[in-house]
Amino acid sequence: MAEKILMKGNEAIAVAAIRCGCDGYFGYPITPQSEILETLTEMRPWDETGMVVLQAESETASINMVYGGGACGKKVMTSSSSPGVSLMCEGISYIAGAELPCLLVNVVRGGPGLGTIQPSQSDYFQAVKGGGHGDYKMIVLAPASVQEMNDFVDMGFELAFKYRNPVMILSDGIIGQMMEKVELSPMKPRWTDEEIKKLHGSWATTGKDADRNYNLITSLDLDAARQEKFNQKLQAKYREIEKNEVRVEQTLCDDAEYLIVAYGSSARVSQKAMELAHEEGIKVGLLRPITLYPYPTAQIQALLPHLKGILTVEMSAGQMIEDVRLAVEGKVPVEFYGRAGGMIPSPEEVLEAIKTKLVKK
Amino acid sequence: MKEEIIIAGFGGQGVLSMGKILAYSGIMQDQEVTWMPSYGPEMRGGTANVTVILSDSNISSPIVNTYDTAVILNQQSLDKFEQMVKPGGYLIYDPNGIMHPPTRKDINVYKIEAAEEAAAMKNARFFNMIVLGGFLKVKPIVKMDNVIKGLKKSLPERHHGLIPQNEEAIKRGMEIVQEVNKL
């Protein structure tokens with residue numbers, strides 16, 4: 001077994017990027033994710049793999065560099081935290097509209113506005129429901145450990161290229177700043193120019209040979225009928241993603257009377273609350289969505305016959321709860337417990353919410 | 001075995017690196033570990049703390065409200081964390097700069113004059129290793145050879161020459177830690 005290294009979630013993202021053959025990182029520092037750019041700069045991957053690491057002049061510039069790199073069929077990424085990601089939303093919509101692959105990392109902090117530097121999950125809507133304009137979707141991955149921060153980088157790029165779609169790792173200040181032990185992924189070489197031509201030459205701007213027409217990267221089509229057709233194509237792709245890519249972790253759900261639904265750091269806190277509840281004889285299960293889009297709707301629905309109630313736990317005023325309610329369709333009560341503005345719920349608070357909001361009903 | 005620890009003091013005292021060495025020592029004996037620092041506004045105010053959890057099994061929440069052991073290195077941290085030690089738990093503090101010592105009688109209290117000892121050793125940089133030694137004397141949750149391995153992992157290679165001195169500081173800490181209230 002490979003050696004386990006103690007590292008921060010942010011460091012794991014940086015190391016995983018180098019090891020999965022990433023071609024370029026473009027970013028601008030912001031707490032609590034600055035270690036991603038710092039680690040990349042310190043590790044100097046340009047000497048080893050030829051990966052480009054660039055501190056852009058702004059988040060807007062970063063996302064447009066990613067747009068350009070993605071258009072060339074390169075594995076490119078950026079990372080930021082909430083206010084920075086808001087600045088990127090225009091670019092994300094363009095990338096989705098141009099059907100380009102890329103990896104985005106949001107290490108979420110409390111908002112709105114400049115908010116706070118402490119952890120939050122209040123960008124769920126922005127990541128899952130849009131952020132930018134237009135009918136587009138990102139695949140959204142929610143790591144709950146430093147190991148998953150590492151693992152989801154490679155998986156994110158795989159999904160991004162499989163569907164030619166932006167993928168976001170939606171993390172938060174806890175997972176970004178926390179250290180845990182990590183088993184690093186095996187080293188993958190970067191694609192050569194020939195490999196990129198072979199794999200992505202049908203759409204990427206790799207330089208045109210005489211035997212084919214040019215590839216045009218754009219999100220603009222002024223002909224409404226054609227634009228509608230393109231939108232239908234996008235929607236068909238999203239249905240395909242929903243069919244194939246749902247990922248979820250279920251703990252003690254099979255005979256649970258009550259269910260906690262939580263992702264990322266909240267799932268870690270909720271797991272402890274679940275353990276405390278079991279000590280008191282309350283049968284609680286934990287369903288942790290790993291993909292926030294596509295959402296594990298069917299997995300929640302499958303548990304409903306034996307559930308008396310669901311508690312959604314988030315570090316927000318309640319965002320993911322809307323997707324839980326859409327899945328549940330009013331069949332069992334769906335309650336909420338959350339902290340906002342950078343505050344973190346404690347396991348004891350979640351246990352109390354299970355008792356007061358679910359069990360005593 | 002599961003040990004939930006908070007280490008808290010001023011920025012620059014080596015609070016975070018002490019936590020990191022402890023966490024790495026846990027990895028060296030195949031334990032699960034989490035290391036969660038404060039990085040919020042309180043850190044900008046000069047105080048720093050880190051929650052370290054070592055466990056034989058999977059660690060659910062890296063954030064906890066109560067601790068098995070608190071290692072306290074300034075008054076602000078004592079005021080904040082004394083109440084958060086589990087009944088029957090442990091509190092280890094350096095009396096240097098402490099105006100109001102701990103008052104709880106339902107926990108084990110130890111003091112370690114690490115700042116004074118570091119000054120006597122003429123190297124303030126060993127302060128946190130003296131404290132670590134005190135902690136390990138009271139709570140021998142990681143073996144000394146694993147601590148040394150953890151040190152090697154935590155320190156950049158250019159500082160590996162300092163490991164014998166660090167070890168000496170840890171041993172000194174083990175000698176000078178004093179019992180204040182034992183249950």
Side-chain angles (χ1 to χ4, degrees), chain A residues 1 3-10 31-35 42 107 109-110 116-119 144-147 172-183 251 262 265-276 278 286 288 313 315 339 341-352, chain B residues 2 4-7 15-45 48-67 83-84 86 142 146-147 149-156:
Chain A
M1 200 171 56
E3 188 194 359
K4 304 245 171 153
I5 300 173
L6 185 70
M7 56 168 75
K8 285 189 171 193
N10 289 336
T31 307
Q33 63 81 57
S34 296
E35 291 89 353
E42 204 175 291
V107 183
R109 58 190 246 179
T116 171
I117 60 174
Q118 288 174 296
S145 65
V146 177
Q147 183 67 54
D172 64 63
I174 296 175
I175 308 283
Q177 291 295 324
M178 173 173 65
M179 282 203 219
E180 287 183 311
K181 58 182 178 183
V182 179
E183 190 177 330
T251 313
S265 300
S266 291
R268 295 285 292 266
V269 173
S270 297
Q271 195 186 331
K272 175 122 181 182
M274 181 187 77
E275 291 161 14
L276 296 172
H278 276 263
L286 173 64
R288 173 171 78 91
V313 180
M315 293 191 298
R339 299 293 301 265
M343 294 298 287
I344 303 162
S346 73
E348 290 78 10
E349 286 169 24
V350 176
L351 175 66
E352 191 58 26
Chain B
K2 186 174 193 182
E4 296 170 333
I5 309 153
I6 180 102
I7 309 167
V15 164
L16 299 185
S17 56
M18 176 182 160
K20 192 176 168 184
I21 291 161
L22 199 52
Y24 244 130
S25 311
I27 291 183
M28 292 301 133
Q29 48 191 41
D30 281 331
Q31 285 174 311
E32 299 298 322
V33 301
T34 60
W35 176 98
M36 181 68 212
S38 60
Y39 69 92
E42 73 273 24
M43 188 176 146
R44 269 69 173 171
N49 71 66
V50 61
T51 301
V52 178
I53 305 177
L54 277 73
S55 173
D56 291 335
S57 55
N58 183 35
I59 299 168
S60 47
S61 178
I63 311 275
V64 289
N65 260 5
T66 55
Y67 303 96
Q83 297 315 314
M84 293 164 87
K86 294 174 191 171
V142 282
N146 288 324
V147 176
K149 283 188 206 160
L151 259 169
K152 276 192 186 141
K153 289 280 175 190
S154 309
L155 288 175

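Labels below follow one simple rule: chain letters A, B, ... track the order of the sequence lines, proteins then strands, and each chain is numbered from 1.
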When rounded to the nearest 0.5 angstrom, what is the spacing between [atom1] in [X] and [atom2] in [Y]?
X	Y	atom1	atom2	value
A:Met178	B:Ile53	CE	CD1	9.5 Å
A:Lys181	B:Gln31	NZ	CD	8.5 Å
A:Ser265	B:Met36	OG	CE	7.5 Å
B:Asn58	A:Arg268	CG	CZ	7.0 Å
A:Lys272	B:Asn65	NZ	CG	9.5 Å

Against chain A, label B:Lys153 side chain, backbone, both or neither, depending on which of its atoms sit under 4.5 Å from a heavy atom there.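 Contact with chain A is through the side chain of B:Lys153 alone.
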
Heavy-atom closest pair, residues A:Leu6 and B:Tyr24: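 Heavy atoms of A:Leu6 and B:Tyr24 come nearest at N-OH, 3.1 Å.
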
Smallest separation among heavy atoms of A:Glu180 and B:Val33, with atom names: CG-O, 3.7 Å

Are the side chain of A:Lys8 and the backbone N or O of B:Trp35 linked by a donor-acceptor pair below 3.5 Å? no

Can you tell which of B:Pro62, B:Pro37, B:Ser61, B:Ala23 has the highest number of heavy-atom pairs within less than 4.5 Å of chain A? B:Ser61

For residues 341-348 of chain A, give me every residue with a non-hydrogen atom less than 4.5 Å from any non-hydrogen atom of chain B.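 A:Ile344, A:Ser346, A:Pro347, A:Glu348 fall under the 4.5 Å cut-off.
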
Check this for me: B:Lys86, atom NZ, are more than 12 non-hydrogen atoms of other residues, nucleotides or ligands nearer than 6.0 Å?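 Result for NZ/B:Lys86: enclosed.
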
